[in-house]
Participant: 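Pasting in a structure now, in structure tokens, and then I'll have a few things to ask.
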Amino acid sequence: ALRMARDFILIGTKVVVSYGGTAALIREHTEAYVVEIQYSSFDLIRTVSDTLKRHEHIAIVGFSRFIYNARQAEKLFKAPIRIEEVASLDDIKPTVKRLAAEGATAFIGGTVVNAANETGCAGISIYADKRAIEDAIQESFRVLQVQEDKDARLGTTVAILNSISEGLIGIDMAGRITEANAIARDFLGRYGKSPQGRHYSELLGKQEMIGETLSSAREWFGETVTIKKNMYSMNCIPVMVGGEAIGAVVTLQEPLLIQNMERKIRKAYRTGGRTARNTLQDVVGDSR
């Protein structure tokens with residue numbers, strides 16, 4: 001199942017629908033979002049009742065959520081049933097061997113089935129009601145739509161951040177860089193190619209204003225700083241969520257760029273936004 005999931009993910013699958021232990025395995029070892037098909041107590045009771053017609057000593061083995069449902073339905077079983085919770089896939093085979101030695105002849109669950117068959121006991125799968133499977137599939141479509149919407153917003157945000165002339169750097173409360181746009185990475189030179197996860201002081205130097213923003217949510221604007229022997233105008237503002245700072249955003253601008261922008265703005269203001277389409281330079285030829 002894990003191999004199949006990985007193959008599908010390689011060709012673009014974003015969401016995987018699966019059962020209990022298999023779902024947990026795929027969730028742990030892949031980047032896909034996993035929607036788990038939920039067993040109902042009725043599915044479990046029905047499976048136990050059918051199994052009791054053929055086996056007297058039954059054990060239910062599985063992970064926490066499955067075992068929780070089994071314990072809730074335990075009083076409705078027509079005979080005593082062993083119920084054992086496992087914490088990982090590695091625990092399944094030893095648990096099955098121990099319970100088989102103690103007299104269990106049939107095991108009910110999901111990932112326990114193969115281990116039971118290998119031990120010479122009966123492995124009984126619980127198959128969820130068709131409606132539960134349909135519900136999981138519909139949930140996977142909803143999850144996929146939410147993820148695609150999020151990716152679209154993220155793509156737009158990244159495009160906006162990379163289109164502006166300022167270097168933008170996101171920093172978390174531990175001082176680690178979480179984001180940096182293309183301009184900021186260019187400012188930071190060869191270290192800027194992979195700034196995520198590095199402490200800001202490694203790339204920006206010991207800028208006290210950043211530490212103060214993280215600790216007290218203070219805002220700084222137009223501070224002149226030197227980074228890698230280059231001078232910049234720096235702003236530093238806190239990222240606020242629910243009235244509390246959860247990080248900071250640093251913006252960097254080159255003074256020369258600011259001066260050029262100011263000149264253009266002043267020129268546009270003097271001319272009312274009107275500039276000549278043709279200038280004297282357009283009539284100068286290249287003949288000596």
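The first residue of the sequence shown is numbered 1, and numbering continues consecutively from there.
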Participant: In the structure I gave you, are the side-chain heavy atoms of L44 and F66 within less than 4.5 Å of one another anywhere?
Facilitator: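 Side-chain contact under 4.5 Å: yes.
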Participant: According to a 4.5 Å side-chain heavy-atom criterion applied to Ile, Leu, Val, Met, Phe, Trp and Tyr, with indirect links allowed, do F221 and V249 form part of one hydrophobic cluster?
Facilitator: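 Per the 4.5 Å side-chain linkage, F221 and V249 are co-clustered.
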Participant: Taking the side chain from R176 and the backbone from Y200, do they hold a donor-acceptor pair closer than 3.5 Å?
Facilitator: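 Pair absent, no side-chain N/O of R176 close to backbone of Y200.
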Participant: Considering residues at least two apart in sequence or located in another chain, which fulfil the side chain to side chain contact (heavy atoms under 4.5 Å, CB included) criterion with L25?
Facilitator: L2, H29, L89
Participant: Taking all heavy atoms of L214 and all of G175, pick out the closest pair and write down the distance.
Facilitator: CD1-CA, 4.1 Å
Participant: Looking only at heavy atoms, which two atoms of P195 and I177 are closest? And how far apart?
Facilitator: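 So the two residues come closest at O-CB, 3.6 Å.
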Participant: Between T105 (side chain) and C121 (backbone), is there a donor-acceptor pair under 3.5 Å?
Facilitator: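 No; zero donor-acceptor contacts below 3.5 Å.
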Participant: Any chain of hydrophobic side-chain contacts (each under 4.5 Å) joining I126 to I37?
Facilitator: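 In one cluster with I126: I37, yes.
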Participant: Identify the heavy atoms of P238 and A217 that sit nearest to each other, and give their distance.
Facilitator: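 So the two residues come closest at CG-O, 3.4 Å.
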Participant: Would a hydrophobic clustering, with Ile, Leu, Val, Met, Phe, Trp and Tyr connected at side-chain separations under 4.5 Å, put V96 with L99?
Facilitator: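 Yes, because V96 and L99 connect within a single hydrophobic cluster, where side-chain heavy atoms sit under 4.5 Å apart.
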Participant: Show, in sequence, the C-alpha distance, side-chain angles and deciding distance for T111 and Y19, and conclude whether the side-chain contact (heavy atoms from CB on, under 4.5 Å) test is met.
Facilitator: CA-CA 9 Å; T111 51; Y19 287 102; over 6 Å; no
Participant: What distance separates I108 CD1 from I60 CD1, expressed to the nearest 0.5 Å?
Facilitator: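 Going from the CD1 atom of I108 to the CD1 atom of I60 covers 5.0 Å.
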Participant: Check whether T119 reaches the backbone of A115 with its side chain - one donor and one acceptor, N or O, closer than 3.5 Å.
Facilitator: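 Pair found, side chain donor or acceptor close to backbone of A115.
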Participant: State the CZ-CZ distance between R3 and F8, to the nearest 0.5 angstrom.
Facilitator: 12.0 Å
Participant: Under 6.0 Å from the CD atom of E223, do we count more than 12 heavy atoms belonging to anything else shown?
Facilitator: yes
Participant: How long is the straight-line distance from OG1 of T47 back to CD1 of I45, given to the nearest 0.5 Å?
Facilitator: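 It comes to 10.0 Å.
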Participant: Treat each ILVMFWY residue as a node, draw an edge where side-chain heavy atoms are under 4.5 Å apart, and state whether M4 and V17 are in one component.
Facilitator: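 No, M4 does not connect to V17 through the hydrophobic network.
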Participant: Between G123 and N117, what is the shortest heavy-atom contact and its length?
Facilitator: N-OD1, 3.1 Å
Participant: To the nearest 0.5 Å, what is the distance between OG1 (T224) and CE (M234)?
Facilitator: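 Going from the OG1 atom of T224 to the CE atom of M234 covers 10.5 Å.
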Participant: Just wondering, more than 12 heavy atoms not from Y33 lying within 6.0 Å of its OH?
Facilitator: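 Not more than 12 within 6.0 Å, no.
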Participant: Distance from I133 atom CD1 to Q138 atom CD, nearest 0.5 Å?
Facilitator: 13.0 Å
Participant: N114 and E118: side-chain donor and acceptor closer than 3.5 Å?
Facilitator: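 No, E118 and N114 have no side-chain donor paired with an acceptor closer than 3.5 Å.
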Participant: Begin from the C-alpha positions of V48 and I81 and carry the test side-chain contact (heavy atoms from CB on, under 4.5 Å) through to its verdict.
Facilitator: CA-CA 9 Å; V48 169; I81 305 293; 4.2 Å; yes
Participant: Go through it in stages, so that I can follow the logic: the residues are M240 and I246, the test is side-chain contact (heavy atoms from CB on, under 4.5 Å), and I'd like the CA-CA distance, side-chain angles, deciding distance and then a yes or no.
Facilitator: CA-CA 6 Å; M240 306 298 292; I246 62 166; over 6 Å; no
Participant: Give, for atom CG of L52 and atom OG of S49, the distance between the pair rounded to the nearest 0.5 Å.
Facilitator: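 That separation rounds to 6.5 Å.
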Participant: Of all residues at least two apart in sequence or in a different chain, which pass the side chain to side chain contact (heavy atoms under 4.5 Å, CB included) check with I183?
Facilitator: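 I183 satisfies side chain to side chain contact (heavy atoms under 4.5 Å, CB included) with N181, F187 only.
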Participant: Would you find a donor on one side and an acceptor on the other, under 3.5 Å apart, between the side chain of W220 and the backbone of N235?
Facilitator: no
Participant: Within the side chain of D91, is there an N or O that forms a donor-acceptor pair under 3.5 Å with the backbone of V86?
Facilitator: no
Participant: In this structure, are over 12 heavy atoms from other groups packed under 6.0 Å from E102 atom CD?
Facilitator: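 Enclosed.
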Participant: Looking at side-chain heavy atoms only, is the closest gap between I169 and E179 below 4.5 Å?
Facilitator: no
Participant: Is a donor on one side and an acceptor on the other found under 3.5 Å between the side chain of S215 and the backbone of E212?
Facilitator: yes
Participant: Taking it one step at a time, do L252 and L204 satisfy side-chain contact (heavy atoms from CB on, under 4.5 Å)?
Facilitator: CA-CA 10 Å; L252 299 172; L204 302 177; 4.3 Å; yes
Participant: So do V16 and T30 actually touch side chain to side chain, heavy atoms under 4.5 Å?
Facilitator: no
Participant: How close do A180 and Q196 get, heavy atom to heavy atom, and via which atoms?
Facilitator: N-NE2, 4.1 Å
Participant: Would you confirm whether R54, through its side chain, and D50, through its main-chain N or O, come within 3.5 Å as a donor-acceptor pair?
Facilitator: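 Side chain of R54 to backbone of D50, a donor-acceptor pair under 3.5 Å: yes, one is there.
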Participant: Is the shortest side-chain N to carboxylate O distance from D149 to R153 below 4.0 Å?
Facilitator: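 Salt bridge: no.
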Participant: Looking at every heavy atom in both I83 and R71, which two are closest together, and how far apart are they?
Facilitator: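 Minimum heavy-atom contact is O-NH2, 3.6 Å.
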Participant: Would the distance check show the side chain of H55 and the main-chain N or O of H57 forming a donor-acceptor pair, the cut-off being under 3.5 Å?
Facilitator: no
Participant: Is I26 reachable from I92 through a run of I, L, V, M, F, W or Y residues, each pair having side-chain heavy atoms under 4.5 Å apart?
Facilitator: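 Linked within one cluster.
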Participant: Check the pair D135 / R131 against salt bridge (Lys or Arg N to Asp or Glu O under 4.0 Å), numbers first and verdict last.
Facilitator: CA-CA 6 Å; D135 288 345; R131 179 62 181 271; 3.3 Å; yes
Participant: Please determine whether a side-chain nitrogen of the Lys or Arg among E148 and K14 lies less than 4.0 Å from a carboxylate oxygen of the Asp or Glu.
Facilitator: no
Participant: Can you find a pair of side-chain heavy atoms, one from Q207 and one from V225, that are under 4.5 Å apart?
Facilitator: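 A side-chain contact exists here, since the closest heavy-atom pair is under 4.5 Å.
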